[in-house]
Amino acid sequence: MLEKTYDPQSLERHWYELSENQGLFACNPDASSNPYTIMMPPPNVTGSLHMGHALTFTLQDVLIRYHRMCGRDALWQPGMDHAGIATQMVVERQLAEQGISRRDLGREAFVEKVWEWKEQSGGTILHQQKHIGASADWQRSRFTMDEGLSEAVKKVFVRLYKDGLIYRDKRLINWDPKLLTAISDLEVEQREVKGHMWQLHYPVEGSSEVITVATTRPETMFGDMAVAVHPDDERYRHLVGQNVCLPIVGRVIPIIADSYSDMEKGTGAVKITPAHDFNDFEVGRRHGLELLNIFDQHAAMNENVPADYEGLERFDARRKLLAALGECGALGDTEDTVHAVPHGDRSGVPVEPWLMDQWYVNAAELAKPAIAAVRDGHTRFVPQRWEKTYFEWMENIQPWCISRQLWWGHRIPVWYGPDGTVFVEETKEAASAAAKTHYGRDVTLDQDEDVLDTWFSSALWPFSTLGWPGRTKELNRYYPGDVLVTGFDIIFFWVARMMMMGMYFMDGKVPFRDVYIHALVRDEFGQKMSKSKGNVLDPLDLTAKYGADALRFTLVAMAAQGRDLKLSETRIESYRNFATKLWNAARFLEMNGCISDKGAPPPIPETLHEPVNLWILSELNTTIRKISTAIESYRFNEAADAIYHFVWDRYCDWYIEFIKPVLKDSAECRHVAAYVLAQLLKLMHPFMPFITEELNAKLFGSDALLITAQWPVASHQADDNTNLHIVTDIVSEIRMIRAEMNVPLKALPILQIAGADARIQAVITAMQPSVCRLARLSDIVFSDSDFEKGTARSSLHRFEIGLPLAGILDFAVEKARLEKEIKASEAEASKLAAKLGNEGFLAKAPPAVVAENKRRLEQENTRIDTLGSALKRVIAEM
RNA sequence: GGAGCGUUAGCUCAGCGGGAGAGCACCACGUUGACAUCGUGGGGGUCACAAGUUCAAUCCUUGUACGCUCCACCA
């Protein structure tokens, strides 16, 4: 016997472990069935999962479980990402609490510490993933730094280098002065910052004129190499070719003409600091300007500035310089301003453009086939509009800076000879051999100190996890993946790069056919969840409180395509209630002997006698179709909506209520009730895996788990011809009258139906016990004779119903009720009449639409007539 | 500056060329043996605004207003 309420805590772990231990999450590379592959975006090993993870893993799990049930050989490839910067920061912070820096430890010992932390953190994440029911093939789990994936990284680096697509270059990079590493453009975020716009007066050499430039960063004056004005700018034309003398510094720099200068902006004259500004760098290159670096790695002033500034932190230097400029009269107007300042997305400090040697990927070249693949439809974005975002970025892609001055990550497979000659090989041995050939003798090589951008290894995920560079069975079978499920925030970071690498290394084959971009989870006020805001909902807390099934269902129900998802607890609560509803429906069946150990074979529609059974089978069919279609087109919310309403509205509120009076005597009803429950447990399984397994086992006593059950197929036979809606309409109408009239529950009037044809009489008669129970009637009679005094009346379809309520009926209330109904029908009728009076409509609208409107108009008119005469009677009886 | 998205019931959101929907909240009645984590009934919306296309517009087009996001931008 089932307990009164469902208790998730005691059952979730049981069912999860049982299915995992039976190996039911595993793919089978030797299967004859078609594979279905999802590459799980590997979470960072930096702590714990948030609601965004819960969403993405739930959606993927729904897809995996659905396709597994459809008979596909499902591979959900899991794993974790080493997350270079993020992870190194976490461990460094932990060390800092003990007063240790990573340099104290040294590279090797530090990396050892990170590995230790990875083991611990990775365990937490895995625990969370399992808790929400993720049925990934955990045996195949990979880590971006494990041996095989590291091999893949080296292979890719070397091949791209030898193909000329990876190269070393000296150019401006985004330097993070806190983390002390270069970062890519994508890791820079612009933040609006309050600041000032200062005007600086630079005296023109050999003249009394000054040229005024404006800047938000006066300290970069130390690195100024020119002042640029627009070639067409009349104000400055006579000064082009002359020099100015930098205040304080005394260095002399030229005034140049360059169209980069914008006449409208500032004073129209702009200082050029080629070593510390991306635009200025380009200007400098055009004019052959030198680059003067004025910062050290901490963004403090270096030896290239006047001695009394050397060593000052950048903002201290700014203050000191402003004071000095003020004193010598070189400082002009100051304005408050708000401007965007580039910050490191991890460190949160302003980054400095800095001139350095770094390694780059020629992304523009790799992007070409990746763009074409989407253009030609080999990979499809869902929703499609994200393609535009993808194209936009890919078509303007910049060289990808892949080297990082970190310790945690894939060490760059590059060795330098004594004279700096570069050897790029997969192993030190190979590099040494190459060096020996080059030098003609054995030499000592130094490996590049840097590591690769985390996303470099992530980009290989779709094939590296399948054993590439080996030509494995798995690679052959599971690549390309069927769908990648992720949020739009990493289209650039990850999706685009997997496309590029996949196309290049997998013989032009895309890494996945579909990219489903889902919403981002926000809190109920629409704020992004973040630790600093304190609005983070921990998936584990919520599963503890409401059960994993409820959380999963909520996420699926709210996952409408491509929007923010505002999560609120009341919504989760409502789906927890939904689980309870299902539980209790099952409990009702159990109590009434509907469940036999043999399970429930499919009923044969031709042999059924009860209209309600045909009806529910038909509704089940419709629901199967809706859910299958919705999942296959990634409309998860529609799938959730379909099953929710089928279970609650159709199955519980109508079907079970209908069969209650006849259940004891009707084996047919017991059978169909059980069969439909068995089917809907399957339909719900991808969304609510735990409660469905529990009910399936308890009620149907089967050893076979739902996770491997066959997905229900809609049968063609069970189309509804029962006109059950006539009966539900009668019940609803009577309930409404009773409610409005405050008819006591104990009153069981006899319903009189007038004007019903034989077909309608048959339907009602077949359902009579149910109708009487649901509408609380003592009997139903068909009679066209006039209703007695004090009868509440209504009109449905083409017949009239009368509910004799002598002694109860309040004539004033009844009059008001009828008037309201008539008014509503008249409004509807006049709209329909207007439409049908329009010749354009009659001529051009599809015939089915015209017919439907005519039918509705007739129905409304009948209703108006019937209710109108009922109203006259009421008035007469008052 | 460039691009995209949104504006539908009190709140959060679906829908999307032919009868305005859900969940929650609200009001009334109700514990009749599956379920109060419930049942029944009800109230509540000129689908932001304007013009256009169409027989027909919440839905398509254009414009306006407001809000949001991404990209670019340290004069």
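Chain naming here is simple, since letters A, B, ... match the order of the sequence lines and numbering starts at 1 in each.
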> Let me spell it out: for each of A/Ala340 and A/Tyr6, pick the nucleotide of RNA chain B with the closest heavy atom. Which residue's pick is nearer the 5' end?
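By nearest-heavy-atom nucleotide position, the 5'-most residue is A/Tyr6.
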
> Figure out the CH2/C1' separation between A/Trp393 and B/rC71, and round it to whole Å.
11 Å

> Using the C1' atom on both, measure B/rU54 against B/rG17 and round to a whole Å.
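Roughly 9 Å separates the two C1' atoms.
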
> Given the P atoms of B/rG67 and B/rA22, what is the spacing between them in whole Å?
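Looking at atom P only, B/rG67 and B/rA22 are 32 Å apart.
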
> For the side chain of A/Lys388, starting at C-beta, report the closest nucleotide among B/rG4, B/rG23, B/rA75.
B/rG4

> Starting at atom CD of A/Gln199, determine the distance to atom C1' of B/rA75, rounded to an integer number of angstrom.
10 Å

> Quickly work out the A/Phe636 CZ to B/rA14 P distance and round it to whole Å.
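One finds 15 Å between P of B/rA14 and CZ of A/Phe636, rounded.
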
> When you measure from the side chain of A/Gln190, which nucleotide among B/rA34, B/rC73, B/rG18 comes out closest?
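Comparing B/rA34, B/rC73, B/rG18 against the side chain of A/Gln190, the answer is B/rC73.
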
> Please work out which of the three classes, parallel, tilted or perpendicular, describes the rings of A/Tyr644 and A/Tyr575, given edges at 30° and 60°.
perpendicular

> Kindly point out which of B/rC74, B/rA20, B/rG41 is positioned nearest to the side chain of A/Ser732?
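The nucleotide sitting nearest to the side chain is B/rG41.
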
> Tell me what A/Pro350 touches on the nucleic acid: a base, only sugar-phosphate, or nothing, going by heavy atoms under 4.0 Å.
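Nothing: the residue A/Pro350, judged by heavy atoms under 4.0 Å, touches no strand.
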
> Side chain of A/Arg576 only, heavy atoms from C-beta on: which candidate in B/rA75, B/rU37, B/rC73 is closest?
B/rU37

> In whole Å, I'd like the distance from the CD1 atom of A/Ile643 to the P atom of B/rG23.
16 Å

> Using side-chain contact (heavy atoms from CB on, under 4.5 Å) as the criterion, point out the one residue from A/Arg735, A/Arg738, A/Arg776 that pairs with A/Val743.
A/Arg738

> Hey, can you tell me if A/Trp175 and A/Trp354 have their rings parallel, tilted or perpendicular (30° and 60° cut-offs)?
tilted

> Given B/rG19, B/rG18, B/rC74, identify the nucleotide with an atom nearest to the side chain of A/Arg855.
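So the side chain of A/Arg855 is nearest to B/rG19.
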
> Looking only at the side chain of A/Ser574 (C-beta and beyond, no hydrogens), which of the listed nucleotides B/rG23, B/rA34, B/rU37 gets closest?
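In terms of side-chain proximity for A/Ser574, the closest of B/rG23, B/rA34, B/rU37 is B/rG23.
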
> Ignoring hydrogens and angles, answer whether the base of B/rU32 and the side-chain atoms of A/Arg776 contain a donor-acceptor pair closer than 3.5 Å.
yes

> Taking atom P in both B/rU40 and B/rU31, what distance in whole Å separates the two?
15 Å

> Expressed in angstrom and rounded to an integer, what is the separation of A/Lys844 atom NZ from B/rA56 atom P?
9 Å

> Quickly work out the A/Leu857 CG to B/rG18 P distance and round it to whole Å.
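These atoms are roughly 20 Å apart.
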
> Within residues 645-656 of chain A, find the residues that approach RNA chain B with a heavy atom at under 4.0 Å, and present them sorted by residue number.
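Per residue number, the list reads A/His645, A/Trp648, A/Cys652, A/Asp653.
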
> Output yes when A/Glu352 and A/Arg314 qualify as a salt bridge under the 4.0 Å nitrogen-oxygen rule, no when they do not.
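Salt bridge between A/Glu352 and A/Arg314, a charged N being under 4.0 Å from a carboxylate O: yes.
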
> Could you tell me how far apart A/Arg191 (CZ) and B/rC70 (P) are, to the nearest whole angstrom?
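From A/Arg191 CZ to B/rC70 P: 12 Å.
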
> With a 3.5 Å cut-off and heavy atoms only, can you find an N or O donor on one side and an acceptor on the other between the side chain of A/Lys835 and the base of B/rA56?
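Side chain to base: no pair present.
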
> To the nearest angstrom, how far is A/Ile517 atom CD1 from B/rU69 atom P?
19 Å

> Identify whether any heavy atom of A/Thr220 sits under 4.0 Å from a base atom; if not, whether one sits that close to sugar-phosphate; answer base, sugar-phosphate or nothing.
nothing

> Output the single nucleotide from B/rG42, B/rC74, B/rA34 whose closest atom is nearest the side chain of A/Met591.
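The listed nucleotide nearest to A/Met591's side chain is B/rA34.
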
> For RNA chain B, produce a single dot-bracket line, 5' to 3'. Pairs: Watson-Crick or G-U wobble, both distances under 3.5 Å. Symbols: ( ) within strand, [ ] crossing, | other strand, . unpaired.
(((((((..((((....[..)))).(((((.......))))).....(((((..]....))))))))))))....

> B/rU40 base to A/Arg735 side chain: any donor-acceptor pair below 3.5 Å?
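Under the 3.5 Å cut-off, the side chain and the base do not form any donor-acceptor pair.
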
> Taking 4.0 Å as the cut-off, does a side-chain nitrogen or oxygen of A/Lys4 come that near to OP1 or OP2 on B/rU37?
no

> Using a heavy-atom cut-off of under 4.0 Å over every strand shown, decide if A/Val850 touches base, sugar-phosphate, or nothing.
nothing

> Please report the distance separating the P of B/rA50 from the corresponding atom of B/rA57, rounded so that it comes out in whole Å.
14 Å

> Using atom P in both nucleotides, what's the gap between B/rC24 and B/rG39 to the nearest angstrom?
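That atom pair is separated by 9 Å.
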
> Can you figure out which of B/rC74, B/rG42, B/rA75 approaches the side chain of A/Asp277 most closely?
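Of the options given, the side chain of A/Asp277 lies nearest B/rC74.
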
> From the list B/rU37, B/rG18, B/rC38, which nucleotide is the closest neighbour of the side chain of A/Thr5?
B/rU37

> How many angstroms lie between CD1 in A/Ile864 and CD in A/Glu821, if you round to the nearest 0.5 Å?
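So the gap between those two atoms works out to 11.5 Å.
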
> Determine the Euclidean distance between corresponding P atoms of B/rC55 and B/rC13; express it in Å to zero decimal places.
38 Å

> Which residue, A/Glu638 or A/Glu839, contacts RNA chain B at a nucleotide closer to its 5' end, judged by nearest heavy atom?
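Result of the comparison: A/Glu638.
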
> With side chain to side chain donor-acceptor pair (under 3.5 Å) as the criterion, how do A/Glu187 and A/Ser184 come out once you've worked through the C-alpha distance, each side chain's angles and the decisive distance to 0.1 Å?
CA-CA 5 Å; A/Glu187 291 161 284; A/Ser184 75; 3.0 Å; yes

> How about A/Ile517 and A/Phe488: do any of their side-chain heavy atoms sit closer than 4.5 Å?
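With C-beta onward as the side chain, the pair touches.
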
> Tell me the closest heavy-atom pair linking A/Ala747 and A/Pro749, and the distance in Å.
O-CD, 3.3 Å

> For the base of B/rG19, is there a side-chain donor-acceptor partner from A/Arg856 under 3.5 Å away?
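For A/Arg856, whose side chain was compared with the base of B/rG19, there is a donor-acceptor pair (under 3.5 Å).
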
> Counting side-chain heavy atoms from CB outward, which of B/rC74, B/rG4, B/rC35 is closest to A/Arg385?
B/rG4

> So with a 6.0 Å cut-off around CD of A/Gln190, is the heavy-atom count from everything else above 12?
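Counting neighbours around CD of A/Gln190, more than 12 heavy atoms of other residues, nucleotides or ligands fall under 6.0 Å, so yes.
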
> May I ask you to say what A/Tyr260 touches in the nucleic acid, namely base, sugar-phosphate or nothing, with a heavy-atom cut-off under 4.0 Å?
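The residue A/Tyr260 makes base contact.
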
> Are A/Phe492 and A/Thr389 side-chain neighbours, meaning at least one heavy-atom pair lies under 4.5 Å?
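Contact flag for A/Phe492/A/Thr389 side chains = yes.
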
> Can you find a donor-acceptor pair, distance only, under 3.5 Å between A/Glu657 side chain and B/rA34 base?
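In this structure, the two groups form a donor-acceptor pair.
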
> Look at the rings of A/Phe295 and A/His276 and say which category their plane angle falls in: under 30° parallel, 30 to 60° tilted, over 60° perpendicular.
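Geometry flag for A/His276 against A/Phe295: perpendicular rings.
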
> Given the C1' atoms of B/rC16 and B/rA25, what is the spacing between them in whole Å?
27 Å

> Is the count of non-hydrogen atoms from other residues, nucleotides or ligands lying under 6.0 Å from A/Glu189 atom CD greater than 12?
yes

> Checking all strands, does A/Asn279 fall into the base, sugar-phosphate, or nothing category for heavy-atom contacts under 4.0 angstrom?
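Since only primed, P, OP1 and OP2 atoms lie under 4.0 Å of A/Asn279, the category is sugar-phosphate.
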
> Identify whether any heavy atom of A/Val849 sits under 4.0 Å from a base atom; if not, whether one sits that close to sugar-phosphate; answer base, sugar-phosphate or nothing.
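Contact class for A/Val849: base.
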
> Given the C1' atoms of B/rG21 and B/rG2, what is the spacing between them in whole Å?
37 Å

> Run A/Gln859 and A/Arg855 through side chain to side chain donor-acceptor pair (under 3.5 Å) and show every step you take.
CA-CA 6 Å; A/Gln859 189 173 312; A/Arg855 190 192 63 75; 2.9 Å; yes

